[in-house]
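Worksheet for the structure shown next.
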Amino acid sequence: MKRVTTLAEFESLREEWNSLLRDSASNSFFLRWEWLFEWWKVYNENLSLSIILVFRGPSLIGIGPFYVKNEPHGDIISSRRLMFLGTKEDFLVSEYMDIIYRDRDCDDVL
């Protein structure tokens, strides 16, 4: 497993991301690398990229397209919220969000 936290790492995933997506039951325009990469470039302010990649040996078998939002609650307490890329608060939500994997890899990825 690997966690992607930088724009450069995210950018390098294009081919593998879309290839895995094409083979998954979640194959949706709103999960394409192009959609989520552009979404991230526009809406990433004060957010932390946290894409989870799952591997079997050298092969990518799963992608969890997430980011982390820090939410302050007063001066002392704060929390971190794991969100799907393509969502922001409750007002900006992509049509479809999911973890990307092939059916045969479901148990290993989840």
Side-chain angles (χ1 to χ4, degrees):
M1 191 160 46
K2 177 183 177 186
R3 190 168 143 240
V4 171
T5 59
T6 69
L7 188 63
E9 289 175 303
F10 189 2
E11 189 169 20
S12 73
L13 292 172
R14 182 180 186 162
E15 296 305 317
E16 282 185 293
W17 184 297
N18 285 334
S19 177
L20 181 60
L21 180 62
R22 276 191 297 274
D23 293 341
S24 78
S26 300
N27 191 3
S28 163
F29 173 83
F30 295 101
L31 286 173
R32 288 190 54 82
W33 177 91
E34 293 83 356
W35 177 266
L36 293 175
F37 186 75
E38 290 302 318
W39 184 93
W40 180 251
K41 288 189 337 187
V42 172
Y43 295 107
N44 72 18
E45 188 173 329
N46 298 318
L47 306 173
S48 302
L49 191 61
S50 190
I51 298 170
I52 306 301
L53 305 178
V54 180
F55 293 89
R56 180 179 295 119
S59 299
L60 180 64
I61 63 168
I63 302 170
F66 302 115
Y67 69 90
V68 174
K69 179 181 182 204
N70 291 314
E71 298 182 327
H73 305 284
D75 293 334
I76 299 173
I77 299 173
S78 66
S79 63
R80 294 177 2 156
R81 189 171 171 192
L82 186 65
M83 306 279 294
F84 273 102
L85 285 174
T87 65
K88 190 163 183 184
E89 307 301 330
D90 296 325
F91 66 90
L92 184 63
V93 180
S94 291
E95 182 78 19
Y96 188 82
M97 297 159 292
D98 205 352
I99 295 171
I100 303 166
Y101 57 88
R102 293 176 191 89
D103 284 343
R104 68 178 181 260
D105 299 319
C106 177
D107 290 339
D108 293 334
V109 172
L110 299 180

Using atom types as modelled and distance alone, determine if a side-chain donor or acceptor of S19 lies under 3.5 Å from a backbone N or O of E16. no
Just how far is it from atom CG of L21 to atom OG of S28, taken to the nearest 0.5 Å? 7.5 Å
Side-chain heavy atoms of F66 within contact of I99, under 4.5 Å: yes
If the condition is salt bridge (charged side-chain N to carboxylate O under 4.0 Å, His left out), which residues does E38 pass it with, not counting sequence neighbours? K41
Value for CG (L31) from CD1 (I63), rounded to nearest 0.5 Å, stands at 9.5 Å
Please lay out, stage by stage, how L60 and V54 fare under the test side-chain contact (heavy atoms from CB on, under 4.5 Å). CA-CA 6 Å; L60 180 64; V54 180; 5.8 Å; no
Are more than 12 heavy atoms, taken from residues, nucleotides or ligands other than I77, located less than 6.0 Å from that residue's CD1 atom? no
Using the test salt bridge (charged side-chain N to carboxylate O under 4.0 Å, His left out), find all partners of K2 that sit at least two apart in sequence or belong to another chain. E9
Using side-chain heavy atoms (C-beta onward) and a distance below 4.5 Å, is E11 in contact with F37? yes
Under the side-chain contact (heavy atoms from CB on, under 4.5 Å) rule, what do L82 and K69 come out as? Steps first, then yes or no, please. CA-CA 7 Å; L82 186 65; K69 179 181 182 204; over 6 Å; no
Any idea which heavy atoms bring Y101 and V109 closest together, and the distance? CB-CG2, 3.8 Å
So CG of N18 and CD1 of I100: to nearest 0.5 Å the spacing works out to 8.5 Å
Just wondering, are more than 12 heavy atoms of other shown residues or ligands nearer than 6.0 Å to CD in E15? no
Just by distance, do the side chain of D108 and the backbone of R56 share a donor-acceptor pair under 3.5 Å? no
Measuring from atom CD1 of I61 to atom OG of S24, what distance do you get when rounded to the nearest 0.5 angstrom? 13.0 Å
Y96 side chain vs N27 backbone, donor-acceptor pair below 3.5 Å: no
CZ-OG distance between R102 and S26, expressed to the nearest 0.5 angstrom: 12.5 Å
Verify whether the ring centers belonging to F10 and W17 lie closer than 6.0 Å. yes
Audit row: L7, W40, side-chain contact (heavy atoms from CB on, under 4.5 Å) steps and yes/no: CA-CA 9 Å; L7 188 63; W40 180 251; 3.8 Å; yes
Sequence neighbours left out, cut at 3.5 Å: what donor-acceptor pairs do the side chains of residues 45-53 make with other protein atoms?
residue	atom	partner	partner atom	Å
S50	OG	R3	NE	2.9

Verify the ring-centre separation between W35 and F29: is it less than 6.0 angstrom? yes
Looking at the rings of W39 and F30, which for Trp means the six-membered one, are their centres under 6.0 Å apart? no
Do R81 and V68 pass the side-chain contact (heavy atoms from CB on, under 4.5 Å) test, and can you show the C-alpha distance, the side-chain angles, and the key distance before you say yes or no? CA-CA 6 Å; R81 189 171 171 192; V68 174; over 6 Å; no
Taking C-beta and beyond as the side chain, do L36 and P65 meet within less than 4.5 Å on heavy atoms? yes
Working to the nearest 0.5 Å, report the span between NZ of K88 and OH of Y43. 8.0 Å
